[in-house]
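Just so you know, residue 1 is the first one in the sequence shown, and it goes up from there.
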Amino acid sequence: MPRLHQLAAEGAHCWLNFTGGTKTLSTALLFAYHWDLCEYKPHNSPWLLQYQLCAVDGQVHFNEVGRPNLPSALPLDIARLHNPDCQTRKPNQLEQQSPELTAQLANELWHGLTQQDQGLLHLLNMLETLWAEQNPHPYPVVEFNLDWTTLQARDPNLDPATILPWLSRLSQLAPDVVRLNGNHLSLPGPHAGKKAAPWKRWVSGEWLEQHLAISLQKLGIPVEAIGRNLVVTDADETGSHAGREADLLINWQGKTLLIEIKADIPGNSRSIDLEKQISSLGDRFGNTRKILFLGPQLHQKLQNDPNNSSKFEKLHARCQQSKILLLHQIDKLLAEFLSTERPPH
């Protein structure tokens, strides 16, 4: 206290921030000195509340004099508090080269799958089957050269008339990788080379990450508040290192959300593995609210599985037990977790 009195005598303004600590300590500090200003930061709030203490009829009152909006920390900075070596993986090469086209196609994919467009569903199922098959050759399959007759012999439901418009649209991203020539087509194989790998990854699910990030920006969330593809490195028991990735880490308006995005699930995986994957991230990115976001195709698969009609409900219950929010609608994500109370005018 003597130091405070000395500073005040020299013309300094003395402020108290009583965020944190115990109520007893905060109360003692509040009334131990005549502060020029007192500040308090509520939990999960973007505002710093500023008060001046005044006495009225022998009672001390808090008179609010300001409520500045604090700038949010960048997602990467938050991640590095817990993992100093955290890095951001570069976006898909196609997204960097053609941001407008990939954004437009991602939006079309979202709406097509939401409306259960049969041509799009058959195309994605065809690609999934081709990429998941065991390679019978002694060397990796880098490219498929196919014809519709062979494809339809394997799956009579394939209709070029409904599939080709979608494949033609998607081929615009990499016309030298996806080639259509009459009854023949060339597609990246399971072991796509460096040139074809970005197209394969984007179509396999990175389109949904891009679409969700754009949707959040349309809500008004600044692009710098959205961290994409943050990678941390863990050492396992053998001493080897493996990267763990957060699809989206968002810090905005006093809330930090960790979102795991799944467009589909590999054929050899189980639905419970989806929950395990995000749960295993633990607190590597800090104290976050974890969300598992399912794309339309995956949500429909889980809802309509002929072998297990309760697969989605079981995943939902498992996520609830792990305090993970399971979502498949963008508006629910935006409305429930990215909106915030505004300060009164």
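Side-chain N or O atoms of Trp199 include one that pairs as donor or acceptor with a backbone N or O of Leu170 at under 3.5 Å. Between the side chain of Arg284 and the main chain of Leu281, a donor-acceptor pair closer than 3.5 Å is present. Side chain of Asn69 to backbone of Trp47: no donor-acceptor contact under 3.5 angstrom is found. A donor-acceptor pair is defined here as one N or O able to donate and one able to accept, closer than 3.5 Å; such a pair exists between the side chain of Ser171 and the backbone of Ser168. Side-chain N or O atoms of Asn183 include none that pairs as donor or acceptor with a backbone N or O of Asp147 at under 3.5 Å. Under a 3.5 Å cut-off, the side chain of Trp35 and the backbone N or O of Leu29 do form a donor-acceptor pair. Although no hydrogens or angles enter the test, the distance criterion places no donor-acceptor pair under 3.5 Å between the side chain of Arg89 and the main chain of Arg228. A donor-acceptor contact shorter than 3.5 Å links the side chain of Gln300 to the backbone of Leu113.
Residues that satisfy the salt bridge (Lys or Arg N to Asp or Glu O under 4.0 Å) test with Glu275, not counting sequence neighbours, are Arg318. Taking the salt bridge (Lys or Arg N to Asp or Glu O under 4.0 Å) definition, one finds that Asp247 meets it with nothing, sequence neighbours left out. Scored by the ring-ring contact (aromatic ring centres under 6.0 Å, His included) test, His5 finds Tyr33 as partners (sequence neighbours excluded). Listed by chain and number, the residues in a side chain to side chain donor-acceptor pair (under 3.5 Å) with Thr19 are Asn17 (sequence neighbours excluded). With sequence neighbours left out, the ring-ring contact (aromatic ring centres under 6.0 Å, His included) criterion links His299 to Phe312, His328.
In this structure, CG in Asn92 is found 12.0 Å from NZ in Lys200, a value given to the nearest 0.5 Å. With rounding to the nearest 0.5 Å, the separation of CG in Leu216 from CH2 in Trp252 is 9.5 Å. The CG atom of Leu208 sits 7.0 Å away from the CD1 atom of Ile330 when rounded to the nearest 0.5 Å. One distance of note links CG of Asn157 with CG of Asp155; it measures 5.0 Å at 0.5 Å rounding. Note: Leu230 CG to Phe285 CZ = 6.0 Å, rounded to the nearest 0.5 Å. Distance check, rounded to the nearest 0.5 Å: CD1 of Ile261 to CZ of Phe293 gives 7.5 Å.
With respect to Lys262 and Glu260, a salt bridge is recorded, a charged nitrogen being found less than 4.0 Å from a carboxylate O. The pair Lys301-Glu128 counts as a salt bridge, with a side-chain nitrogen and a carboxylate oxygen less than 4.0 angstrom apart. Note on Glu209 versus Arg201: no salt bridge recorded, every NZ/NE/NH1/NH2 to OD/OE distance being 4.0 Å or above.
Surrounding CG of Asn287 are at most 12 heavy atoms belonging to other residues, nucleotides or ligands under 6.0 Å away. Heavy atoms from other residues, nucleotides or ligands lying under 6.0 Å from CD of Glu64 number more than 12.
A side-chain donor from one of Trp202 and Gln210 sits under 3.5 Å from a side-chain acceptor of the other.
Under the 30°/60° scheme for interplanar angles, the aromatic rings of Phe62 and Phe18 are found to be tilted.
Of all heavy-atom pairs between Val178 and Pro188, the closest is CG2-CD, 4.3 Å. Scanning all heavy atoms of the two residues, the minimum distance from Ile78 to Ala73 falls at CG1-CB, 4.0 Å.
The salt bridge (charged side-chain N to carboxylate O under 4.0 Å, His left out) pairs that include a residue from residues 112-124 number zero, where partners must be two or more places apart or lie in different chains.
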